[in-house]
Amino acid sequence: MPRQDGWWETIKYIIVEALKGSRRYYLAAAGLLLLTIYGLYLWIFIQHAPVFLGTDYGGLILTGMNDSVVWGLYISFFVFWVGVAAAGIAFSIAAYVFNHPEFKKIAVLGEVQAISALTIVLMLIVVDLGRPIRALFEMPLLPNLRSMLDWDFIVITTYLLINLVGALVTIHYYRRDKALPKKFLVPFMVIAAPFAIGIHTVTAFISQALTARPIWNSPLLAPRYVATAFAAGPAILLIALYLAERYIEGFSVSIEVYKKTLYLVAGATIVGLYFTLSEAHEIFWYTTEPVKWAQAKELFYGPHLPYLAVLTWLWIGLGVAAVILALIPSTHNSKGAIAFISLLVVVAVIAEKTLTIVIPAYEPSTLGEIRPYHPTPIEYGITLGVHALGLLIYLLLAKPAIKAIMTHYFKPGAHHH
Amino acid sequence: MSVGPRREGSGNGSPKVDESRRNLLKAMAVGAGAAALTSVAAVDKEKFKKALRKVSIEDLLGVPADVEAGSTLEMRAKKKEKELKEWCRKEAEKICQERGDASEDCKLARQKCDLITVKATPAKKGVRYAMALDVNKCIGCRRCVYACVMENNQARNLGIEWIRVLELDRMEFQDLLGSEWYYGNEAPKKENVYVPIACMHCENPPCVMVCPVKATWKEPDGIVVVDYDVCIGCRYCATACPYGARRFNWAKPYVPVQELNPNMHILGNVPRQVHVMEKCTWCIQRTRDGGVPACVEACPVGARVFGDLNDPNSPIRRIAEEYGLFVLKPEAGTKPRFFYFFGPSRTPPREEAKSEGKEVKENA
Ligand code: SF4
Ligand code: SF4
């Protein structure tokens with residue numbers, strides 16, 4: 001039956017499966033949709049009203065940003081989600097490189113996670129841009145290849161495309177109970193792997209070479225980005241798996257997957273903490289660069305921005321706690337405990353990779369001004385909306401993906417593990 | 001002077017253009033003058049017109065770089081001029097309706113609208129602008145800031161000021177940490193030094209490097225400009241600039257039309273749109289026509305010097321030779337073309353002035 005096998009059928013399958021579901025599923029999706037619409041409303045009709053509607057009121061002036069602190073909450077979360085996206089495909093790469101069947105089974109969820117994370121990433125840029133429509137036309141028309149922003153845009157969109165292809169192909173084969181062909185997998189991994197590392201590296205390169213912002217001038221910035229990405233990304237995947245097992249009947253994953261992933265998460269957290277230590281040493285022991293020193297003080301002690309210090313120490317505290325818990329044998333054997341440790345790591349990395357990365361570079365500013373940045377309600381609202389959209393996409397894609405996985409791996413009667 | 005053969009050339013109406021254009025013009029002027037003197041009645045008008053060619057201001061000022069008339073930029077400037085005039089007239093009518101046709105504001109607004117010109121004057125060949133500021137002279141009065149706001153049609157509602165004057169401790173001044181921006185009216189204070197900062201028009205500008213859409217670039221005469229019609233408002237340049245020189249229009253900028261400066265340059269002081277970046281352009285609308293920036297003109301103590309680095313007779317070269325030029329934050333590695341220097345006559349701080357010279361004057 002060629003009709004049944006077609007790509008078009010797969011797309012239809014995804015749509016149909018995404019729209020089917022329990023009452024709870026509908027409620028969750030509707031809630032997310034509402035939040036998304038609310039965020040969209042805030043963005044179009046209030047924050048960007050002068051651009052879209054030509055009004056006199058509104059504008060980015062409604063955010064907490066100003067000429068001293070030009071990037072804020074949006075770019076902070078942008079950095080975090082780039083990391084989560086990067087870790088998405090790394091997951092499936094590991095699965096195929098080590099040829100582990102249980103990992104293979106859930107690899108497509110890594111791709112779905114990357115797709116939703118990248119949606120958040122792109123939307124956060126869009127809401128932050130002063131003139132997004134102009135950008136749409138001019139980025140391709142007038143590229144400046146010396147600008148890291150262009151490279152970031154190129155790698156992020158390419159990586160998104162790669163993940164879309166990956167997810168589509170996987171669902172295409174699994175839904176018909178077929179294994180993924182080697183012919184596809186090998187070139188796919190070879191292309192995807194450098195991009196996974198690439199998106200986060202290039203994102204770090206946006207900031208790391210700017211002499212104007214001493215605290216970013218560290219060659220450790222990109223490696224630290226990648227390290228904590230490999231902590232938070234797989235941790236989020238573990239939490240998602242845990243929830244999927246609870247809420248989707250008949251779906252189960254071996255504890256081996258949890259354990260092995262936890263080792264990766266813990267290892268990456270250790271490396272991330274180690275980088276923080278190394279950077280702290282460079283700053284607090286010997287630096288003679290007064291601005292870097294002043295910015296580091298805001299980061300670790302927060303004299304003007306207490307929340308920066310809270311977040312920094314939260315990262316260190318929760319990071320250390322998670323590592324210790326992960327090393328205790330008794331926690332290894334419970335999925336619940338592993339999911340809890342993962343949650344700790346996610347919170348820790350959010351603390352490490354959002355405001356604490358971006359804001360200290362502007363406090364004090366290049367002219368020595370300290371103008372404490374506090375996000376305004378509109379920034380929170382829009383950020384929330386963007387996240388709701390990402391989560392909604394995750395929900396809509398994970399559903400058919402899991403269904404396809406189950407078709408291929410969970411044959412009725414014969415349980416897989 | 002080799003005007004002899006030229007005179008013949010201008011006589012028969014077909015001069016051979018083999019030397020530089022400037023020489024030719026000079027020669028023609030001299031030749032025509034001589035002809036007019038010797039035979040006032042003999043020359044008939046048509047022949048005279050053939051012999052003389054009209055000299056445009058542009059010809060006198062120098063040869064345009066690579067932008068000829070009819071360039072895209074010029075066309076855009078013309079279009080913008082039309083749009084601005086329309087917008088201005090509408091705004092003016094509003095004012096006139098509100099305050100009456102006879103009101104000062106109404107008259108002024110209408111007048112401004114008629115005067116609006118948007119230029120696209122290109123860079124002159126061989127010119128490399130630079131500015132210097134005498135730290136010993138600056139009294140922190142911020143007059144340059146106000147002059148700049150008015151000259152460059154900066155938004156009055158957003159507090160955009162291209163120039164920041166930092167008040168720093170005279171004894172401890174090492175870096176800009178702890179600088180005071182809002183120091184009130186007591187300046188100059190004895191224990192402080194005042195450091196005005198605006199775009200440094202860096203030789204190696206990071207703002208240009210990072211812009212994802214090439215909305216900002218360095219012109220051949222050294223002025224770093226922003227194209228307000230291209231900027232996408234990503235603010236990466238503001239993050240990259242080590243001198244905090246870039247200003248963003250965080251909301252819709254507002255400039256009352258009766259306060260508009262109608263002498264505009266498309267890459268300079270044309271009224272901006274919401275969510276685009278702007279910064280000092282060394283008053284491109286003035287300097288490319290041979291003037292000096294508004295801040296130089298406004299400074300009451302003459303602390304600012306502007307000129308062409310390539311011209312050995314320019315004031316900036318004299319300063320360089322006599323006092324030496326210093327740059328702020330050399331470690332940023334951007335090679336600023338805005339310099340500081342330490343001039344000779346120190347303006348005495350207020351208190352000393354009172355105890356010394358001023359009393360004498362008051363008694364006299
Ligand atoms: S001072 Fe800043 S805005 Fe001006 S040229 Fe240098 S980097 Fe660019
Ligand atoms: S804000 Fe405008 S000028 Fe600055 S980097 Fe972005 S697009 Fe370029």
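Values below: every heavy atom of this structure, side chains too, minus hydrogens, waters and symmetry copies. Each chain gets a letter, A, B and so on, in the order its sequence line appears, and its residues count up from 1.
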Quiz item: Does a side-chain heavy-atom distance below 4.5 Å link A:L62 with B:W250?
Solution: no

Quiz item: Within a strict 4.5 Å, meaning less than it, do heavy atoms of the A:R131 and B:V276 side chains meet?
Solution: yes

Quiz item: With only heavy atoms counted, which part of A:Q47 is less than 4.5 Å from chain B, the side chain, the backbone, both or neither?
Solution: backbone

Quiz item: Between A:L142, A:L129, A:I133, which is the residue that forms a side-chain contact (heavy atoms from CB on, under 4.5 Å) with B:I232?
Solution: A:L129

Self-check item: Side chain, backbone, both or neither of A:S68 within contact of chain B (heavy atoms, under 4.5 Å)
Solution: side chain

Self-check item: Close side-chain approach of A:D67 to B:F248, heavy-atom, < 4.5 Å
Solution: yes

Quiz item: Tell me, side chain or backbone of B:L328 under 4.5 Å from chain A's heavy atoms, or both, or neither?
Solution: neither

Practice problem: Please confirm whether the backbone N or O of B:C234 pairs with a side-chain atom of A:W71, one donor and one acceptor, at under 3.5 Å? | Solution: yes

Practice problem: Identify which part of B:R164 has an atom lying under 4.5 Å from any heavy atom of chain A, answering side chain, backbone, both or neither. | Solution: side chain

Practice problem: For the pair A:D56 (side chain) and B:K252 (backbone), establish whether a donor and an acceptor sit closer than 3.5 Å, ignoring hydrogens and angles. | Solution: no

Exercise. Please say whether more than 12 non-hydrogen atoms of neighbouring residues, nucleotides or ligands are located less than 6.0 Å from CZ in A:F153.
Key: no

Exercise. Answer whether the closest heavy-atom distance between the side chains of B:V230 and A:R134 falls below 4.5 Å.
Key: no

Quiz prompt | Segment of A:Y362 engaging chain B (4.5 angstrom heavy-atom cut-off) | solution = side chain

Self-check item: Contacting moiety of B:L177, where chain A heavy atoms sit under 4.5 Å
Solution: both

Quiz item: Roughly how far, to the nearest 0.5 Å, is the CD1 atom of A:I61 from the CG atom of B:L158?
Solution: 5.0 Å

Quiz prompt | Sub-4.5 Å side-chain heavy-atom contact between B:Y236 and A:M148 | solution = yes

Practice problem: For A:N144 and B:V210, indicate whether the former's side chain and the latter's backbone hold a donor-acceptor pair under 3.5 Å. | Solution: no

Practice problem: Give, as side chain, backbone, both or neither, the part of A:A135 having an atom under 4.5 angstrom from any heavy atom of chain B. | Solution: both

Quiz item: Would you say A:R146's side chain and B:V208's backbone share a donor-acceptor pair under 3.5 angstrom?
Solution: no

Quiz item: Just by modelled atom types, is the A:D128 backbone N or O under 3.5 Å from a matching donor or acceptor in the B:R235 side chain?
Solution: yes

Quiz prompt | Heavy atoms from other residues, nucleotides or ligands near CZ of A:F52 exceed 12 (cutoff 6.0 Å) | solution = yes

Quiz item: At a heavy-atom separation under 4.5 Å, does A:P290 approach chain B through its side chain, its backbone, both, or neither?
Solution: both

